[in-house]
Amino acid sequence: MLKGIGASQGYGIGKAVVISDAKLDYNHVKFTTAQNEKDRLQKAVDTFIKETRKLADDVKKSAGDKEAEILEGHIVMLSDPFMLSQMQENIDAGSVAEKAVDTVCTMFIDMFSGVDDELTKQRASDVKDIKDSLLHILLGVNQVDISKVEKGSVLIAKDFTPSMTGQINKDNVSAILTEVGGITSHSAILARAMGIPAVLSIPNVCGEVKNGDLVAVDGFNGKVIVSPSDDEIKDFEKKQEAYLKDKESLKQYFGKPTVTKSGIKKAVYGNIGKAEDVQNVLQNSGEGIGLFRTEFLFMDRQNEPSEEEQFEAYSTVAKAMDGKEVIIRTLDVGGDKDIPYLNIEKEENPFLGHRAIRYCLYNKELFKKQLRALLRASVFGNIKIMLPLVTCVEEVRKAKALIEECKEELKCEGKEYRSVDVGIMVETPSAVFISDILAKEVSFFSIGTNDLTGYTMAVDRGNAKVENLYDVFQPSVLRAIETTIKNAKAAGIQVGMCGEAAADTKLIPYLIEWGLDEFSVSPGSILQTRKTICEYDK
């Protein structure tokens with residue numbers, strides 16, 4: 001049995017199709033003239049954009065608009081004048097077009113790969129996808145046509161780039177296996193959107209499995225059986241049938257109130273990273289937005305978004321939710337997230353450094369720009385402001401003072417705004433220990449279990465040697481969650497959870513017992529979370 005990360009749920013059985021990396025050697029290519037090389041480069045870029053646009057259109061039909069944006073993002077990256085000008089400068093220095101592409105893309109890959117943040121690291125994979133595609137075009141090397149694999153195929157590769165995944169015909173692919181990647185990788189996101197089971201980060205899977213091998217894949221537990229026995233096949237088929245039946249049954253929870261069998265009312269919200277993601281929450285019957293990660297508005301660009309750009313994004317979400325609660329987290333950025341134009345100083349331990357609310361309070365003008373946009377957007381809906389990584393009362397009071405300052409400015413300028421509730425993310429042990437005090441300062445709590453687990457257990461979740469300690473069911477983490485909820489209830493304020501644990505079917509009963517009001521999960525987990533809550537009988 002092979003083991004990896006279960007990145008897309010489901011069960012799949014089929015014949016292995018191992019996709020080998022093509023050799024992209026350009027040592028034989030001779031330099032002609034700088035203009036000729038630039039023309040070759042531009043032609044390759046134009047071809048790449050044309051092919052990627054077609055792929056994005058196909059993905060829209062098979063997976064949805066949100067997933068197609070991953071490929072559209074590749075077009076945006078390559079259209080960046082800086083990236084293209086860097087390639088042209090390399091050509092002027094005597095490089096062939098292939099070398100220029102390789103050099104510049106590798107520079108960006110190294111830059112993104114060196115950051116601790118998983119989402120930033122993902123952009124390294126995106127740039128590698130762009131590099132490989134351009135080299136294929138320049139060298140005239142045909143890429144594997146994944147769209148034409150036979151029905152019942154299990155696709156296996158070192159990695160599935162978004163452009164490769166975008167070619168998949170979901171009716172013909174039973175599962176996806178890779179040697180690299182994780183839950184947040186774009187290949188995992190696309191696989192989940194298409195409903196294809198996927199197990200990633202399986203050591204040497206390309207060598208362990210041969211073309212034509214029968215493979216059984218468990219996307220829940222990250223298990224893969226090569227050449228399963230008849231009994232194992234029957235077991236997989238039963239599990240698959242039960243899973244599909246259960247998935248179909250979730251549709252009955254669309255639009256249904258989130259109420260336990262004993263009549264306790266709860267709410268299931270959705271987490272988003274961009275304004276466009278709000279449609280995914282609505283399509284999955286979310287009752288609100290529990291976490292809008294605003295740092296994504298600041299990424300993949302050359303300068304910070306203006307107040308007007310931010311206002312447009314926040315008001316778009318508020319309007320779409322039509323009066324339902326929209327909790328927007330202020331900029332959660334710092335040494336662990338690389339946004340070059342912010343000139344964030346590199347730190348030895350960025351997770352304990354100048355990040356999130358600390359960074360924003362130090363950079364007041366940038367913070368006030370966001371706060372002004374949020375106050376103005378609140379006119380169009382039920383917006384609430386949430387402060388990340390709070391560790392002391394002073395941080396909350398300073399942020400609230402800036403909000404009042406922004407109100408006065410807007411009033412003097414004659415710009416319309418509304419007062420908004422202010423809350424905090426409880427994601428540090430410090431915030432837990434003084435949660436009774438903090439509850440008197442804010443209108444709501446949202447427990448961020450991802451960071452809370454890491455900080456409580458003193459564990460780097462990216463370190464495989466200690467990953468067994470990164471567990472929300474550790475007694476200390478459970479006690480931190482219970483303490484926070486009970487202190488919020490005692491103060492009469494709302495308390496929610498926006499970490500991955502909010503969708504954990506084993507944890508949900510405890511959260512209900514302790515009094516959690518709101519569960520904010522990824523859009524695809526909304527109906528399952530509602531089902532778990534509705535079936536709970538206290």
Q. Would you say the side-chain atoms of Asn271 and Ser520 include a donor-acceptor pair closer than 3.5 Å?
A. yes
Q. Rounded to the nearest 0.5 Å, how far does CD1 of Ile328 lie from CD of Gln310?
A. 10.0 Å
**Q.** Residues Tyr314, Gln370; criterion side chain to side chain donor-acceptor pair (under 3.5 Å); working and verdict
**A.** CA-CA 10 Å; Tyr314 308 146; Gln370 180 174 43; 3.1 Å; yes
Q: Write out all pairs satisfying salt bridge (Lys or Arg N to Asp or Glu O under 4.0 Å) with one or both partners inside residues 365-381, taking only residues at least two apart or from two chains.
A: Glu304-Lys369, Glu307-Arg372, Glu307-Arg376, Glu308-Arg376, Lys368-Glu405, Lys368-Glu409, Arg372-Glu409, Arg372-Glu413
Q: Give, for atom CD1 of Ile485 and atom CG of Leu516, the distance between the pair rounded to the nearest 0.5 Å.
A: 4.5 Å
**Q.** Short side-chain donor-acceptor distance under 3.5 Å, Thr391 and Glu395
**A.** yes
Q | Residue pairs passing the salt bridge (Lys or Arg N to Asp or Glu O under 4.0 Å) test where at least one lies in residues 419-433, sequence neighbours excluded | A | Lys384-Asp421
Q. Between Arg530 and Ser285, do the side chains contain an N or O donor and an N or O acceptor separated by less than 3.5 Å?
A. yes
Q) In terms of heavy-atom contacts, does CD of Glu416 have more than 12 from other residues, nucleotides or ligands at under 6.0 Å? A) no
Q: Tell me, please, which residues at least two apart from Leu250 pass side chain to side chain contact (heavy atoms under 4.5 Å, CB included).
A: Leu527, Gln528, Lys531
Q) Can you name the ring-ring contact (aromatic ring centres under 6.0 Å, His included) partners of Tyr341, sequence neighbours left out? A) none
Q) Got a sec, which residues hit side chain to side chain contact (heavy atoms under 4.5 Å, CB included) with Lys324, two or more places apart in sequence or on another chain? A) Met321
Which pairs would a plain distance check flag for residues 504-511, meaning a side-chain donor or acceptor within less than 3.5 Å of a matching protein atom at least two apart in sequence or in another chain?
from	atom 1	to	atom 2	distance (Å)
Asp504	OD1	Lys506	N	2.9
Asp504	OD1	Leu507	N	3.4

(Q) The criterion is salt bridge (Lys or Arg N to Asp or Glu O under 4.0 Å); which residues satisfy it with Asp218, sequence neighbours excluded? (A) none
Q. Does the side chain of Thr260 come under 3.5 Å of the side chain of Ser262 through a donor N or O and an acceptor N or O?
A. yes
Q. Does Lys319 make a cation-pi contact with Phe380 (under 6.0 Å, within 45 degrees of the axis)?
A. yes
Q: May I ask you to test the Thr330-Leu371 pair for a side-chain heavy-atom distance under 4.5 Å?
A: yes
Q. How long is the gap from CZ on Phe444 to CD on Glu518, to the nearest 0.5 Å?
A. 8.5 Å
Q: Using the test ring-ring contact (aromatic ring centres under 6.0 Å, His included), find all partners of Phe433 that sit at least two apart in sequence or belong to another chain.
A: none
Q) Does Arg355 pair with Asp451 as a salt bridge, N-O distance under 4.0 Å? A) yes
Q) Who are the side chain to side chain contact (heavy atoms under 4.5 Å, CB included) partners of Leu352, not counting sequence neighbours? A) Asn349, Tyr455
Q) Any side-chain donor paired with an acceptor under 3.5 Å for Ser522 and Ser525? A) yes
Q: Could you check whether the rings of Tyr11 and Phe220 sit parallel, tilted or perpendicular, using 30° and 60° as the cut-offs?
A: tilted
Q: Provide the full list of salt bridge (Lys or Arg N to Asp or Glu O under 4.0 Å) pairs with a residue in residues 255-269, sequence neighbours left out, each pair given once.
A: Lys265-Glu287
**Q.** With sequence neighbours excluded, residues passing salt bridge (Lys or Arg N to Asp or Glu O under 4.0 Å) with Glu309
**A.** Arg301
**Q.** Residue pairs fulfilling salt bridge (Lys or Arg N to Asp or Glu O under 4.0 Å) with at least one residue in residues 433-449, sequence neighbours excluded
**A.** Arg397-Glu441, Lys400-Glu441
